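Here the structure is a predicted model, which means the values were calculated and not measured. Reckoned from all heavy atoms, side chains included, excluding hydrogens, waters and symmetry mates.
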Amino acid sequence: MLTDPNEQPAPRPVSMLAIIAVFVLLSAFGLIAERLYFPTVGVAPQNDIPEHLSKDLAWKATPESRKKAMLELRQKQADQGAAYGWVDQKSGVVQLPIARAMELVVQENGGSK
């Protein structure tokens, strides 16, 4: 049986059931991939409403509370930087004002070079 080399074979019909099955399988794969790779994320703890936050996270709740916490921290650091006190009395570690500590370091290392 000799056939013409330019003649194309007749296309085979595809059943509607096969098309639907392919779409169902692709949809199932997409849903599974979405659940595994893009899990749902809840609200970050610091973005929750202040009433639901624990005390250690409450300062993060609003811009005002963060600003207030930062001002308090800076004031505490400024007070510590200007005061004498014990850090660890057993070890003999003390806290000095910064200016006094710099004077002692200069004296200890021989003020001039």
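- One distance of note links CG of L25 with CD1 of I20; it measures 12.0 Å at 0.5 Å rounding.
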Between V24 and V22, is the side-chain contact (heavy atoms from CB on, under 4.5 Å) condition met? List the steps. CA-CA 5 Å; V24 167; V22 167; over 6 Å; no

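- L71 places none of its side-chain heavy atoms less than 4.5 Å from the side chain of Q75.
- The minimum heavy-atom distance between I19 and V14, with the atom names listed, is CG1-CG1, 4.0 Å.
- Screening residues 84-103 for salt bridge (charged side-chain N to carboxylate O under 4.0 Å, His left out) gives R100-E103 as the qualifying pairs, with residues at least two apart or on separate chains.
- In this structure, the side chains of Y84 and L96 come closer than 4.5 Å at one or more pairs of heavy atoms.
- Within the structure, salt bridge (charged side-chain N to carboxylate O under 4.0 Å, His left out) pairs that include any residue of residues 13-25 do not occur (at least two apart or interchain).
- L26 is not connected to M16 by any chain of hydrophobic side-chain contacts under 4.5 Å among Ile, Leu, Val, Met, Phe, Trp and Tyr, and they are in different clusters.
- Atom CD of E64 is separated from atom CZ of R66 by 8.5 Å, given to the nearest 0.5 angstrom.
- In this structure, I98 places its CD1 atom where only 12 or fewer heavy-atom neighbours from other residues, nucleotides or ligands lie under 6.0 Å away.
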